[in-house]
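Inspection log for the structure reproduced underneath, given as structure tokens.
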Amino acid sequence: MSWWASAVGYEVYIRSFADSTGDGVGDFAGVTEHLEYLAWLGVDVVWVTPFYPSPQADFGYDVADYTGVDPLYGDLAEFDRFVGRADELGLRVMIDLVPNHTSSEHPWFKAALADPASPERDYYIFRPPGPGGGPPNNWRSHFGGPAWTFDEASGEYYLHLFLAVQPDLNWTNPAVRDAFDDILRFWMDRGVDGFRVDVAHALMKHPDLADNPQILPLDRAATPGQAMAAFDHVNDMGQASTREIYRRWKSLPGADEKALVGEVYVKDLALSASYLGDGGLDLSLFFALNRREWDPVAFVEEIRAWSEVSDNGFAWTMASHDENRPPTRFRGGDLGRARAFTLWTLFATLPGLPFVYQGEELGLEDGYVAPEDVQDPVGLAAYAEGRDPCRTPMPWKPDRHSGFTTGEPWLKSAPRRPEETIAAQRADPESHLHRFRRLLAVRRELAPLRTGGVEWLAAPAGVALVRVGQVLTVANATDVEAEVGLPPGGWSLEFETATGGDRVESGTVTVPPTTARIYQASPL
Ligand code: GLC
């Protein structure tokens, strides 16, 4: 069985995790120093967001050198120390690979611009203007505006699905494929256990670069999200040929032991699942709850549908560095937190690899960033508040800047309350942190009993009753009590999100609102 089959992951957004130098930006030494905390929490694999040399236009998702470390975060020796310490603590390491686009500061793109006859020109997607002199097709950038920018010097446009300083690579070019084989080998040789593949659904584009069909009206005031939603993205993403790339990566020597986790940012279940197994990816991140307001009936249905399509293929997430934190999205405060935790308990029982986003274990809501302090390019484009609220510094202790830095944080935000910090929650056995840790411990303890497939049993709408081998989870995501019939036999309660207690139950049980329980089979 692969190591990731029963693991729990943790996403470190490196800029905001821990700053060891006082420059206000998190770094590798900061992560290394706090690995003991992650081991204590009970996670198995740490995914670190991009740390490569970068102009930081999209905070590292604009890579200028795929085999280096930006001096902001340390150097290769610090990276090695990080991997070494993780190893000592029994933690695995995953890194973020950004293959869809480079930074415009990458030497390949500079060469491509400097000389249209250079081999690097074909590393990217340059095209002459369309018939009216405008962009070659109607594709939009995720971050606003057309997906094409005009290069005056050559009279051609180049493609970028994100910022203009993030030009898309041409994955039909064998030289690009070879270059990435080397990049993967480089990091595998340095001891990484896997890759989170950024924008995994869009590497290949339709060969004709045809227009996307428009499915909704589009007015000038549309936000980038609304503009994207106005089109059916059949040509700029979701191409079947993208799977060849993942199959190729999995066939590199040693890669069968490395987890390939795709940021398959699609809500379509069949499309997402098509990248698994034969599609080359080991896991695909679950985005069905992403950016959605609380809807218990729909959420439980989504989780059920996805879990039934693939055994072990989804990396369960409800939080990341790209969206508002779940307790905030789920109406805030203790209720939002309890709702998120109820669903997390379900994630923790299902086969697959759940990921904790830093601070999720504390039950954190979004941080507050004043309009004049916004840093995210999406927020700066003034379309919306952007992604800063989920990226505010990790609160370590009730101190100036919550112990994140001795300097001034790169992202200014309102101070966290003392009870939100790790130090305070570690000291309080009743805290969210302790309950979260207990959940991870129960997942680990019961792993040998969670064998076989997932069975969803009859339960009211908005309630999940799921059996995996000898383990039974009931998650009542609704705001009312639920009567649930347990399968025959006795069930001993191993975990409860709310109060807890040792008891064996059978027959019909009453589950309070916004509560989940994990049982194991036991004689009556
Ligand atoms: C992914 C990342 C996001 C980034 C984008 C472009 O969605 O998670 O942070 O902005 O890709 O690379």
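Please read all numbers here as calculations on a predicted model, not as lab measurements. Counting convention: from 1, in listed order, for ligands and their atoms alike.
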Legend entry - Glu11 with Arg196: basic N within carboxylate O range, under 4.0 Å: no
Legend entry - Nearest neighbour in protein (non-hydrogen) for atom 4 (C) of ligand 1: Asp58 OD2, 3.3 Å
Legend entry - Atom indices of ligand 1 within 4.0 angstrom of Arg391 heavy atoms, with elements: 9 (O)
Inset, instruction - Check Phe143 against ligand 1 and report side chain, backbone, both or neither, counting heavy atoms closer than 4.0 Å. - result: side chain
Inset, instruction - Identify, by atom number and element, the atoms of ligand 1 in contact range of Arg387, meaning under 4.0 Å from any of its heavy atoms. - result: 3 (C), 4 (C), 9 (O), 10 (O)
Legend entry - Whether Arg196 lies under 4.0 Å from ligand 1, heavy atom: yes
Inset, instruction - Would you mind checking if Arg329 and Asp295 are paired as a salt bridge, meaning a charged N to carboxylate O distance below 4.0 Å? - result: no
Inset, instruction - Only counting residues at least two apart or in another chain, list the ones meeting ring pair (Phe, Tyr, Trp, His ring centres under 6.0 Å) with Phe51. - result: Phe28, Phe79, Trp187
Legend entry - Atom indices of ligand 1, in the order listed, that fall short of 4.0 Å to a heavy atom of His321: 2 (C), 3 (C), 8 (O), 9 (O)
Inset, instruction - Taking only Lys NZ, Arg NE, NH1 and NH2, and the carboxylate oxygens of Asp or Glu, determine whether Lys110 and Glu120 approach each other closer than 4.0 Å. - result: no
Legend entry - Residues in ring pair (Phe, Tyr, Trp, His ring centres under 6.0 Å) contact with Tyr10, at least two apart in sequence or another chain: none
Legend entry - Distance from atom 11 (O) of ligand 1 to nearest protein heavy atom, with residue and atom: Asp198 OD1, 2.9 Å
Inset, instruction - With heavy atoms of Val199 as the reference, note each atom of ligand 1 found under 4.0 Å away. - result: 11 (O)
Legend entry - Check: Tyr158 ring centre within less than 6.0 Å of Tyr124 ring centre: no
Inset, instruction - Check the side chains of Asn290 and Glu323 for a donor-acceptor pair under 3.5 angstrom, ignoring hydrogens and angles. - result: yes
Legend entry - atom 7 (O) of ligand 1 [closest protein heavy-atom partner, distance rounded to 0.1 Å]: Glu263 OE2, 2.7 Å
Legend entry - Asp80 bridged to Arg190 by N-O distance under 4.0 Å: yes
Legend entry - Atoms of ligand 1 close to His101 [distance to a heavy atom under 4.0 angstrom, numbered from 1]: 6 (C), 12 (O)
Legend entry - Identity and separation of the nearest protein heavy atom to atom 8 (O) of ligand 1: Asp322 OD2, 2.4 Å
